[in-house]
Amino acid sequence: MSTEEKPAAAPRSLAEALRGRDDVSLAALLRSRPDLITPVPTDLTQLATRAGTRASVVRALERLDRFAVQTAQALAVAADPATYTELLGLLAGDDGDPAVSAALPHALATLREQALVWGDDTRLRLVRTARELLSPSPQHPSPTGLGPTVREAAAGMSPGRIQEIVSAAGLPSTHDAVSAVAALTELFNDPARMSALLDRAPAESLEVLERLVWGPPYGQVTADPAPRLRWLLDRGLLLPTAPGTVVLPREVALRLRGGRAHRSPEPVPPPVEAAAAHRPQVVDATAAGQAYTALATVEELLKDWHEGGPAVLRAGGLSVRDLKRTAVALDVPEPVAAFWVELVYAAGLLASDGEAEERYAATPAYDEWREQPPAQRWARLASAWLAATRTAGLVGGRDAKDRTLSALGPGLDRSAAPEVRHRVLTLLAGLPEGAAPVTESVLARLSWERPPRGGRGGAGPGTAGGSAAEGGRGASAAAGDGGRGTVGGVRTGDGEEDLRSRLARWALSEAEMLGVTGRGALSAHGRALIGAPAPRKPEAETEPEGPGDKLPVHHRPTPPPAPLSPADRATAAATAARLLAPLLPEPLDHVLLQADLTAVAPGPLERPLADMLSVLADVESKGGATVYRFTPGSVRRALDAGQTAADLHAFLAAHSRTPVPQPLAYLIDDVARRHGHLRVGAASAYVRCDDDAVLNEILADKRAAGLGLRRLAPTVLAAQAGPAGLLEGLRAMGFAPAAESAEGDVLIARADAHRTPPRSAPEPVPDGPPVPDDTLLTAAIRAIRAGDLASTAPRKPGAGDGPDRGELPRTTSAETLATVQAAVLTGASLWIGYVNAEGAASQRVIAPVRVEGGFVTAYDHTADEVRTYPLHRITGVAELSDDES
């Protein structure tokens with residue numbers, strides 16, 4: 001064997017290119033394209049085949065940044081294969097853009113890692129499916145705005161006409177159409193000769209070319225083209241493709257563009273600019289105030305639904321009327337109310353009760369949540385928001401079937417939402433501490449990192465002259481926008497603005513409402529929530545504060561971070577809660593009673609005080625201080641809950657920093673004196689009272705007609721209405737009845753709320769297969785390489801070879817036994833076909849160790865371990881070639 005090492009041969013296929021990768025490179029591919037190992041391929045050939053399927057390629061292209069997409073688009077219009085120099089020329093132009101030159105190696109490495117491009121720098125090949133998706137055609141114009149080559153456009157022309165064009169262009173005639181087309185192509189690719197040809201063109205003809213040069217390249221002509229068009233057609237600068245339609249050949253367009261495939265290459269991501277700078281302490285304090293308001297809003301929402309919330313629609317979700325009622329109760333707009341409803345649902349604090357008449361109610365997890373410290377409660381809400389795929393911003397819109405999307409209903413999941421939220425917060429974390437971003441710069445950055453998916457085509461070709469409007473822009477405006485078109489013909493989603501931009505806008509506003517940001521800037525606890533590194537210091541220590549202070553921030557672009565693992569998310573949430581805790585106000589144990597039957601809570605109240613006060617009084621206004629109002633109805637509510645007048649007096653005296661006003665004491669005593677004077681029980685229902693004059697008054701009242709009352713005894717009235725209806729009816733008449741049990745005891749109406757059975761939070765809808773962890777990647781790569789070894793191991797020709805290399809070897813039982821026994825003696829490796837107990841067939845490479853009792857014990861190279869195989873399950877064997885490497 002020669003000691004000189006031969007240079008590695010260039011790969012002839014994507015499978016060979018993958019076979020030359022190491023395990024680290026394969027792991028990077030499978031991590032970035034997890035659909036390739038669902039399920040695990042049997043070998044590298046199958047992996048390459050799967051990587052070239054349309055669905056997988058479209059998905060991979062959609063996850064590229066804008067310059068990587070532009071690089072792929074340039075390869076799609078380049079020669080196949082292309083050299084690195086040719087690709088650089090298409091992107092940087094004849095003048096050479098230094099930014100493009102610096103960014104191209106990284107973009108090309110990304111395409112190689114994604115298995116969209118293979119081959120070395122002298123033979124770059126775009127995978128066939130990607131080339132089909134990105135190459136120009138009349139039905140699907142290229143995002144570059146380029147048309148077909150001269151050879152493609154002239155394929156349907158007569159040889160005589162091609163010779164006429166060659167002669168008019170000043171080229172010598174040739175013997176066949178193929179050489180004529182080649183000569184014309186060479187002319188258009190020669191800058192000097194092309195310039196000389198264009199110098200002879202009439203000014204009107206050059207105007208036509210200028211209209212078509214950046215796309216769309218197609219135009220319409222009349223049956224008798226104008227002289228300016230005839231000059232171009234005679235020299236092949238425009239070529240007919242169909243009756244009345246002409247096209248600007250790709251080579252001509254590239255010469256007119258200065259060699260550039262895109263009008264505006266975008267090798268560098270746009271920077272995220274800061275609109276204003278605030279002191280970090282102000283940002284954190286503002287965000288903490290919003291976080292506390294968020295907790296109060298969630299409690300108020302679920303308290304309003306304590307006894308069973310709105311009914312569940314038959315199709316699922318909340319009705320428009322119930323959403324409006326919820327918005328009024330929370331004193332917020334309806335879209336904001338939809339956000340809070342969806343947030344508590346995502347956090348597992350709200351669900352349907354599953355009863356026959358299904359209603360929404362708090363879950364048992366809500367009671368556990370309320371007992372946690374405020375910072376931990378906020379962390380649970382923020383973590384649920386960050387990971388949720390349900391998108392409240394879609395509420396009120398229409399689905400694909402033109403049905404209204406309702407809160408808590410189906411159709412609100414958007415798998416991209418968690419990624420967009422996390423990326424938006426990460427971009428904010430990249431700004432100096434306390435800086436709020438310009439929203440449009442955030443959207444521009446996201447659009448560069450993941451270009452919108454748009455339609456590939458347009459309304460139709462432009463018109464190039466004649467009696468029509470010359471050089472019209474009828475085709476897709478995206479054709480020459482530098483790569484903003486489609487990457488697979490997938491239609492842009494929900495509405496005029498692409499979905500990712502809408503998700504980003506919603507993320508910014510929802511983060512502010514939730515207290516993740518303050519004054520538009522990321523807070524310290526918000527930074528910890530996403531696991532972001534320590535903030536960068538501002539460029540100047542004394543920066544003015546105000547919304548008008550424009551601070552453009554140009555920072556080095558960083559790739560989007562990998563999503564946090566569940567363990568890392570829990571750690572980040574705990575850190576965020578720890579940072580937020582000192583910023584939240586301490587709960588108070590007192591209120592200020594006033595003579596107008598109100599109580600002022602100057603801050604958040606301790607849980608027992610807040611719960612009792614919410615029963616004893618009604619909330620009149622909220623804000624920095626909460627105002628409660630005492631009414632006969634609210635005092636009666638407290639008495640119904642089992643309190644006595646003495647209990648209420650003692651409670652107010654213990655928790656008021658001001659003396660209990662006399663009007664409030666009188667109100668409590670007056671309601672308590674009348675409370676329970678009437679007794680309501682089940683007859684269907686009855687009323688009893690020791691004072692028959694009161695019963696006479698009730699019978700004489702016209703408002704009691706609907707209760708169906710009749711006297712059973714001097715002190716007892718029977719009613720057709722049920723106990724609950726009778727209680728409400730008498731209270732509406734101004735009485736204060738109390739309910740009693742069958743034994744005559746007063747029933748205490750506890751404040752216990754209706755709860756659903758135990759419910760789990762809704763699972764986010766994944767955006768495709770989950771990213772595999774390191775353990776799965778290691779096992780998958782091992783299995784793929786093992787299967788590849790079995791399928792590619794060199795084999796000696798013989799009886800064991802099937803007609804096709806992919807088939808299992810076939811030998812008789814005697815031949816199998818003899819070959820295996822010989823391999824035990826010689827230590828040779830064998831290629832075998834094996835069928836397991838479930839009937840699954842596979843190929844394996846084994847080194848037999850011993851044969852006995854109808855079994856062969858061997859080292860299995862494909863499994864990298866010693867195994868025992870029944871001989872009757874081996875379909876056949878074949879010896880490996882001696883020159884196996």
Side-chain angles (χ1 to χ4, degrees), residues 11-18 29 32-33 35-36 45-64 66 68-83 86-87 90-91 107-108 110-119 123-156 215-218 241-242 247 249-251 253-254 261-262 451-458 461 475-476 478-492:
R12 294 172 299 176
S13 64
L14 177 59
E16 286 192 14
L18 294 178
L29 168 62
S32 60
R33 296 177 66 178
D35 57 296
L36 298 183
T45 301
Q46 189 179 87
L47 176 64
T49 302
R50 192 176 297 174
T53 58
R54 182 183 178 89
S56 184
V57 169
V58 167
R59 184 176 180 81
L61 289 172
E62 288 172 353
R63 292 181 170 272
L64 296 175
R66 175 157 290 154
V69 171
Q70 289 181 330
T71 303
Q73 292 165 350
L75 273 174
V77 297
D80 186 25
T83 65
E86 293 171 355
L87 176 61
L90 286 171
L91 289 167
L108 192 57
T110 300
L111 294 174
R112 279 197 176 109
E113 178 186 286
Q114 299 272 332
L116 296 171
V117 169
W118 57 277
R123 295 179 63 84
L124 294 172
R125 292 185 182 273
L126 193 65
V127 295
R128 180 176 54 81
T129 307
R131 178 172 288 275
E132 292 173 355
L133 290 169
L134 300 176
S135 294
S137 69
Q139 295 76 24
H140 302 293
S142 168
T144 61
L146 294 170
T149 63
V150 173
R151 182 178 59 82
E152 294 168 344
Y218 293 91
T241 59
V247 68
R250 187 182 307 172
E251 294 86 351
L254 286 174
H262 297 88
R453 298 177 297 173
R456 292 190 62 176
S476 171
D481 66 354
R484 296 177 185 269
T486 186
V487 290
V490 183
R491 176 178 171 269
T492 300

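Count residues from 1 along the sequence.
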Requested in this report: For R12, check side-chain hydrogen bond (donor to acceptor under 3.5 Å, both in side chains) against everything at least two apart and list the hits.
Outcome: E16

**Report entry** Residues that R128 engages under side-chain hydrogen bond (donor to acceptor under 3.5 Å, both in side chains), provided they are two or more places apart
**Finding:** E132

Quick check: does any side chain N or O of [X] sit under 3.5 Å from a backbone N or O of [Y], one acting as donor and the other as acceptor?
| X | Y | value |
| --- | --- | --- |
| R123 | W118 | no |
| R250 | P148 | no |
| R131 | L75 | yes |
| E251 | V150 | yes |
| R33 | Q114 | yes |
| R66 | P451 | no |

Query raised in the report: Can you list the steps and then say if L90 with E86 is a side chain to side chain contact (heavy atoms under 4.5 Å, CB included)?
Result: CA-CA 6 Å; L90 286 171; E86 293 171 355; 5.7 Å; no

Requested in this report: Please step through side chain to side chain contact (heavy atoms under 4.5 Å, CB included) for the pair L87 and T71, ending with a clear verdict.
Outcome: CA-CA 8 Å; L87 176 61; T71 303; 4.0 Å; yes

Non-hydrogen atoms of [X] and [Y] that approach each other most closely:
| X | Y | result |
| --- | --- | --- |
| T45 | A15 | CA-CB, 4.1 Å |
| A72 | L111 | N-CD1, 3.9 Å |
| A261 | T144 | O-CB, 3.3 Å |
| L91 | A74 | CD2-CB, 3.9 Å |
| V57 | A51 | CG2-O, 3.3 Å |
| P136 | L146 | CB-O, 3.2 Å |

Query raised in the report: What distance do R54 atom CZ and T129 atom OG1 have between them, rounded to the nearest 0.5 Å?
Result: 8.5 Å

A side-chain contact here means heavy atoms from C-beta on lying under 4.5 Å apart; do [X] and [Y] qualify?
| X | Y | value |
| --- | --- | --- |
| R112 | L124 | yes |
| L47 | L36 | yes |
| L18 | L29 | yes |

Query raised in the report: Step by step, would you call L64 with L116 a side chain to side chain contact (heavy atoms under 4.5 Å, CB included)?
Result: CA-CA 11 Å; L64 296 175; L116 296 171; 3.9 Å; yes

Report task. Tell me, yes or no, whether the heavy-atom count around R151 atom CZ, taken from other residues, nucleotides or ligands under 6.0 Å, exceeds 12. Result -> no

